[in-house]
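Encoded as structure tokens, the structure appears first; notes follow it.
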Amino acid sequence: NNKILSFEQVSSSAELEKKFFSKNDLFHIQFGIVPYYPYPTIGVGSTFVIRSSNVFKSYSDNLIDRSFEKLKVDKDLFCNIQYQLQKPPCYVFATQPYRKKQEGELLQTLSKAGIGRNIWIKYHPRELELYSNFSTVENLFSMENILVITRTSSLVVELFARGIPYACYIDDKDLDLDQGEVSKIDDPVTFANLDELIVSIKNINDYIDSFKEWRNVKLKDYLGD
């Protein structure tokens, strides 16, 4: 009996929409995957469900007027690392629908750096094909031995769960963006220097070992006791 006017999970408009809904006697239903970290706009007065023990403590201590719960999840939800070091890597670049000039320059630099025989493109759901000289990924998760390169995509949340290695590049214009629990600026999977990113993913065996070690530490925090 209610019409869905709009749906937004992550942006700042989510909080405004829900306030409008409540004032006008409308209802909303929030859809989303099991969160790996809490979005800061989930619901007016709703409970944040948090996987990370460290994040749970930090949010509970600093946001005392909000409600938080620690999520207990079986370790089998997380896949083993989907990468075989003895096979050549397949690099996939996941686009984002903003600052396209800078993105194009980044993609061309990666392509010319000789990190692999070719780079595939995974387009953001809100984008059409823009880079005609690159092959397009239709189903990212059906590919084998991939390393995904992206900028600030929430795609890394799912990659983390599926055990697919990734690397994030954040330039000086994006340093203030919240990368979330699985791609913070001080993590070994996130780079603010393009040369360091290129060197790291060229040394793919060392990078994959580093990714595995870092992910195992993260999983211990998520799964708790």
Side-chain angles (χ1 to χ4, degrees), residues 33-37 51-52 73-96 103 106-125 127 129 131-170 179-224:
I33 62 172
V34 175
Y36 296 90
Y37 55 91
R51 183 185 308 280
S52 167
V73 178
D74 191 278
K75 65 179 181 180
D76 292 336
L77 179 68
F78 298 96
C79 300
N80 294 326
I81 298 293
Q82 303 297 305
Y83 199 95
Q84 298 183 40
L85 293 176
Q86 67 271 25
K87 292 186 177 181
C90 179
Y91 295 96
V92 177
F93 185 85
T95 72
Q96 285 287 279
E103 177 181 272
L106 168 61
L107 182 55
Q108 291 299 327
T109 300
L110 292 172
S111 179
K112 294 175 182 178
I115 61 172
R117 288 176 294 179
N118 61 353
I119 298 177
W120 293 67
I121 303 295
K122 166 66 174 69
Y123 285 102
H124 188 277
E127 285 192 324
E129 294 187 17
Y131 305 112
S132 58
N133 53 327
F134 292 89
S135 300
T136 302
V137 173
E138 298 296 335
N139 183 356
L140 180 69
F141 304 119
S142 68
M143 302 180 71
E144 295 184 351
N145 236 48
I146 62 172
L147 184 141
V148 179
I149 305 167
T150 188
R151 293 154 71 204
T152 60
S153 178
S154 58
L155 172 66
V156 298
V157 175
E158 188 165 1
L159 296 175
F160 183 92
R162 289 174 179 260
I164 297 175
Y166 56 87
C168 301
Y169 175 67
I170 311 297
Q179 287 295 283
E181 269 296 296
V182 294
S183 52
K184 289 184 178 299
I185 190 61
D186 55 350
D187 284 334
V189 298
T190 306
F191 299 84
N193 182 289
L194 184 54
D195 290 335
E196 291 180 4
L197 168 63
I198 292 172
V199 169
S200 293
I201 58 181
K202 277 187 174 182
N203 298 321
I204 189 66
N205 287 10
D206 290 341
Y207 185 79
I208 297 301
D209 286 341
S210 174
F211 180 87
K212 289 180 178 178
E213 181 179 351
W214 165 79
R215 183 174 182 263
N216 286 336
V217 172
K218 282 285 186 183
L219 286 179
K220 289 180 181 178
D221 179 41
Y222 290 145
L223 298 173

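Just so it is clear, the model here is predicted, and its values are computed rather than measured.
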For Tyr166, run the ring pair (Phe, Tyr, Trp, His ring centres under 6.0 Å) check against Phe160, Phe93, Phe211, Tyr91 and tell me which one passes.
Phe211
Tell me every residue that passes side-chain contact (heavy atoms from CB on, under 4.5 Å) with [X], counting only those two or more places apart in sequence or in another chain.
| X | value |
| --- | --- |
| Asn193 | Asp195, Glu196 |
| Asn203 | Val199, Asp206 |
| Asp76 | Asp74 |
| Thr109 | Leu194, Ile198 |

Minimum-distance pair of heavy atoms, taken over all atoms of [X] and [Y]:
| X | Y | value |
| --- | --- | --- |
| Ala94 | Thr150 | O-OG1, 3.1 Å |
| His124 | Thr95 | N-OG1, 2.9 Å |
| Asn139 | Met143 | O-CG, 3.7 Å |

Could you go step by step and tell me if Lys212 and Ile208 meet the side-chain contact (heavy atoms from CB on, under 4.5 Å) rule?
CA-CA 6 Å; Lys212 289 180 178 178; Ile208 297 301; 3.8 Å; yes
Among all residues two or more places apart in sequence or in another chain, which pass the salt bridge (Lys or Arg N to Asp or Glu O under 4.0 Å) test with Glu127?
Lys100
Quick one, [X] and [Y] - any side-chain contact, counting heavy atoms below 4.5 Å?
| X | Y | answer |
| --- | --- | --- |
| Ile121 | Leu107 | yes |
| Lys122 | Val148 | no |
| Gln108 | Asn133 | yes |

Atom pair OG/CG of Ser111 and Leu106 - distance to nearest 0.5 Å
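Spacing of OG (Ser111) from CG (Leu106) equals 11.0 Å.
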I need the Arg215 CZ to Asp187 CG distance, nearest 0.5 Å.
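Taking CZ in Arg215 and CG in Asp187, the distance rounds to 13.5 Å.
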Check side chain to side chain donor-acceptor pair (under 3.5 Å) between [X] and all other residues, then give those that pass, not counting sequence neighbours.
| X | answer |
| --- | --- |
| Tyr207 | none |
| Glu129 | Thr136 |
| Glu138 | none |

Quick one: does Thr190's side chain have a donor or acceptor within less than 3.5 Å of a partner on Cys168's backbone?
no
Under 3.5 Å donor-acceptor, Glu103 side chain and Gln96 backbone:
yes
When Ile115 is tested against each of Ile204, Ile149, Leu197, Leu147 for side-chain contact (heavy atoms from CB on, under 4.5 Å), which residue passes?
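Only one of Ile204, Ile149, Leu197, Leu147 forms a side-chain contact (heavy atoms from CB on, under 4.5 Å) with Ile115, namely Ile149.
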Check ring pair (Phe, Tyr, Trp, His ring centres under 6.0 Å) between Tyr169 and all other residues, then give those that pass, not counting sequence neighbours.
none
Kindly state each residue pair satisfying ring pair (Phe, Tyr, Trp, His ring centres under 6.0 Å) with at least one member in residues 139-159, sequence neighbours excluded.
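Not a single pair qualifies under ring pair (Phe, Tyr, Trp, His ring centres under 6.0 Å).
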Per-pair distances, 0.1 Å, donor-acceptor, side chain in residues 77-88, under 3.5 Å, sequence neighbours excluded:
{"unit_1": "Gln82", "atom_1": "NE2", "unit_2": "Asn80", "atom_2": "O", "d": "2.7"}
{"unit_1": "Gln84", "atom_1": "OE1", "unit_2": "Gln86", "atom_2": "NE2", "d": "3.2"}

